[in-house]
Amino acid sequence: MPTRGNAAVERLAQGMALHEALGATDPEAWLELDAEARAVRPTAPVGQSRDRARVPALALCHRDGRVREAALEQVADARDLLPLPVVRTADWAGPVRTRARELLPALLAGSEPADLVPVTALTLRLARRERGGFALETLASFLRTARPALLEPLLTAPDRRSRRFAFGLAVERGLLPASRLALAAAADDDAVVQNLCAEAALALDPTGDDVITPLLRARCPAARSAGVTALRRAGRHGEARPYLTDRSGQVRACARYVLRQGGIQPHPLYRALCADPADHGIPGWAPLGLAECGESADAELLWPLTTHLMPSVRARAVAGLRLLGRSDVERLRPLLDDPTPAVAREAAAALLPWADRLPEDWLRRRLITRRSPAHTRRAAFRLLRARGGIAELRGAVILLDDQDPSLRALAGSAIRQWEPSVEGHHDPAELDALLNRCTHLFSEYVLLRLRWRAGLPGRPPAVGETGTAGEPGTAPEPGAAVRHANSTAPPRCSPLRAIIRAWVRRTNA
């Protein structure tokens with residue numbers, strides 16, 4: 001099967017330009033090109049190696065070190081070849097490696113800002129190799145003294161490691177103002193860049209509105225929490241109130257801290273938000289925030305919210321009750337049938353410690369496709385798995401025929417991990433029938449061992465096979481599973497016994 005590097009080698013050999021032949025700028029593409037150009041195939045023509053040595057990109061990756069070393073002298077004016085000399089700085093051949101390292105500083109100095117984007121990504125990837133640290137040290141030294149314009153393309157590079165590297169150097173050199181760093185923390189999707197830029201922005205201007213506002217509006221919780229915490233130093237404690245109901249627990253905790261520092265207790269504010277169950281404007285995360293800073297008595301406000309019109313309020317109310325340790329099995333059972341997946345999921349999590357108190361038949365009825373939606377079936381099976389034993393196996397066998405592929409896969413995984421309960425009491429005939437439904441999930445030997453551990457002898461009947469193998473009610477003989485697994489193997493005997501048997505057969509003949 002042709003690889004990306006192999007296809008690029010063929011295109012280059014046919015005269016295609018490098019940027020068209022490679023078709024990618026990620027570091028793995030360059031490393032694959034290097035590996036494929038060096039590979040020798042038995043069916044290749046004899047003169048193919050000499051022909052490819054005339055292509056500069058392939059010559060830099062040639063299997064002959066002398067060809068690679070000579071090709072390094074031709075890259076000074078070829079900017080698109082810059083990533084390949086970087087690869088050669090980690091070459092296994094000493095002369096090639098030395099010459100590439102001598103040329104790299106000058107090649108970097110003559111590069112354009114756009115050229116450094118693929119080079120930086122490749123250098124960071126190459127640094128994980130045994131001799132790859134030189135290129136990264138050289139690039140970092142160059143960028144620490146280079147003009148700021150060279151770093152600009154790296155700050156928006158698609159490779160996140162390149163952005164981390166570039167922002168680290170920019171912060172180290174003090175090239176970016178606090179407002180630019182705050183905007184980067186709010187816009188970037190990498191958590192490392194978010195934390196780095198937020199901390200640097202607040203260190204430069206801890207109270208400025210052009211720093212705090214972008215952080216408060218950020219989508220990422222790390223930046224928002226940094227902005228909320230900055231309100232304390234700016235003396236704007238009251239502005240943290242809206243963030244008491246933020247979707248992030250980290251931001252909610254920071255908001256409570258800032259309000260307390262300003263002399264405002266968050267607990268009464270939460271109670272006021274959750275006081276009226278008929279209020280359709282209750283923030284979705286207010287019930288959970290109340291539980292995070294509340295006490296057991298606050299469950300009186302959360303129970304009515306489990307029937308609130310808004311699904312988000314119902315789900316967080318259940319989560320808050322679980323956090324307060326005030327789960328009531330009988331009051332939470334109806335929520336397993338809630339039409340919103342989040343509510344059913346939270347109800348299952350709250351009922352998990354008391355799964356053995358729930359009627360097994362009641363849970364099993366919710367596994368039937370025509371009666372329950374997929375999220376209810378999933379929640380009910382989660383509770384059956386918590387019960388373990390024969391109850392878990394019954395539920396998993398039902399889901400083997402479910403119309404949802406993810407639930408079928410979950411049931412198959414549960415059956416493969418199932419272990420018979422040591423003290424459980426079950427009907428051997430029922431257990432035998434359940435395991436017979438699962439034969440396609442095991443090899444014959446594994447299924448035989450499972451039946452033996454469950455107290456069932458023999459093996460299940462094969463398709464179209466009749467007989468009474470494995471009748472329930474009889475105890476397995478010790479070692480029966482192992483003997484059955486080895487029953488198809490030829491009998492073992494010593495070489496002397498085999499000679500004696502052969503001599504007896506010839507004598508009788």
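No hydrogens, no waters, no symmetry mates; every other heavy atom, side chains included, goes into these values. For reference, positions follow the sequence shown, starting with 1.
When only modelled atom types and interatomic distance are considered, Arg252 and Tyr257 share no side-chain donor-acceptor pair under 3.5 Å.
The only member of Asp188, Leu176, Val193 that meets side chain to side chain contact (heavy atoms under 4.5 Å, CB included) when paired with Leu155 is Leu176. When the options Thr156, Asp189, Val192 are evaluated for a side chain to side chain contact (heavy atoms under 4.5 Å, CB included) with Arg163, the one that passes is Asp189. Partner Asp91 forms a side chain to side chain donor-acceptor pair (under 3.5 Å) with one of Arg101, Arg97, Arg68, Arg99 and no other, that one being Arg68.
Side-chain contact check for Leu269 versus Leu273: every heavy-atom pair is 4.5 Å or farther apart. Here the side chains of Arg378 and Ser406 are in contact, with some heavy-atom distance below 4.5 Å. Counting only heavy atoms from C-beta outward, the side chains of Ile415 and Leu400 approach each other to under 4.5 Å. Contact annotation: the side chain of Tyr270 approaches that of Leu244 to within less than 4.5 Å [non-hydrogen atoms, C-beta and beyond]. At a threshold of 4.5 Å between non-hydrogen side-chain atoms, the residues Leu31 and Arg125 count as touching. The shortest distance between side-chain heavy atoms of Leu407 and Phe381 does not fall below 4.5 Å. At a threshold of 4.5 Å between non-hydrogen side-chain atoms, the residues Leu384 and Leu367 count as touching.
No more than 12 heavy atoms of other residues, nucleotides or ligands lie within 6.0 Å of CD in Glu300, so this atom counts as exposed by the packing criterion. Within a 6.0 Å sphere centred on CZ of Arg219, other residues, nucleotides and ligands contribute 12 heavy atoms or fewer. Atom CZ of Arg241 sits in a sparse spot, with 12 or fewer heavy atoms from other residues, nucleotides or ligands closer than 6.0 Å. Heavy atoms from other residues, nucleotides or ligands lying under 6.0 Å from CZ of Arg233 number 12 at most.
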- Would Ser141 and Glu137 satisfy side-chain hydrogen bond (donor to acceptor under 3.5 Å, both in side chains), going step by step from the backbone distance to the final call? CA-CA 6 Å; Ser141 299; Glu137 294 173 3; over 6 Å; no
- Could you walk me through whether Ser372 and Arg365 pass side-chain hydrogen bond (donor to acceptor under 3.5 Å, both in side chains), step by step? CA-CA 9 Å; Ser372 306; Arg365 284 196 300 271; over 6 Å; no
- Task: Kindly determine whether Trp303 and Leu332 satisfy side-chain contact (heavy atoms from CB on, under 4.5 Å), including the steps that lead there.
- Result: CA-CA 10 Å; Trp303 277 116; Leu332 288 175; 3.9 Å; yes
- Query: Stepwise, does the side-chain contact (heavy atoms from CB on, under 4.5 Å) test hold for Leu12 with Leu33?
  - Reply: CA-CA 10 Å; Leu12 288 170; Leu33 172 64; 3.9 Å; yes
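Minimum heavy-atom separation, Gly284 to Arg316: O-CG, 2.7 Å. The two atoms that bring Pro283 and Val313 nearest to each other are O-CG2, 4.2 Å, heavy atoms only.
For Arg161, there are no salt bridge (charged side-chain N to carboxylate O under 4.0 Å, His left out) partners two or more places apart in sequence or in a different chain.
Applying the salt bridge (Lys or Arg N to Asp or Glu O under 4.0 Å) test to every pair with at least one member in residues 192-217, sequence neighbours left out, gives these pairs: Asp209-Arg236.
Under the 4.0 Å criterion applied to side-chain N and carboxylate O atoms, Arg322 and Glu292 are not assigned as salt-bridge partners. Between Glu346 and Arg314 there is no salt bridge, since no side-chain N of the basic residue sits under 4.0 Å from a carboxylate O of the acidic one. Under the 4.0 Å criterion applied to side-chain N and carboxylate O atoms, Glu392 and Arg387 are not assigned as salt-bridge partners. With respect to the salt-bridge test (charged N to carboxylate O, under 4.0 angstrom), the residues Arg88 and Asp34 qualify.
With rounding to the nearest 0.5 angstrom, the CD1 atom of Ile282 is 6.0 Å from the SG atom of Cys274.
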For residues 111-123, which side-chain donor-acceptor pairs fall under 3.5 Å, sequence neighbours excluded?
| from | atom 1 | to | atom 2 | distance (Å) |
| --- | --- | --- | --- | --- |
| Ser111 | OG | Leu108 | O | 2.6 |
| Asp115 | OD1 | Arg79 | NH2 | 3.4 |
| Asp115 | OD2 | Arg79 | NE | 2.8 |
| Asp115 | OD2 | Arg79 | NH2 | 3.3 |
| Asp115 | OD2 | Glu112 | N | 3.0 |
| Thr120 | OG1 | Leu116 | O | 2.6 |
| Thr123 | OG1 | Val119 | O | 2.7 |

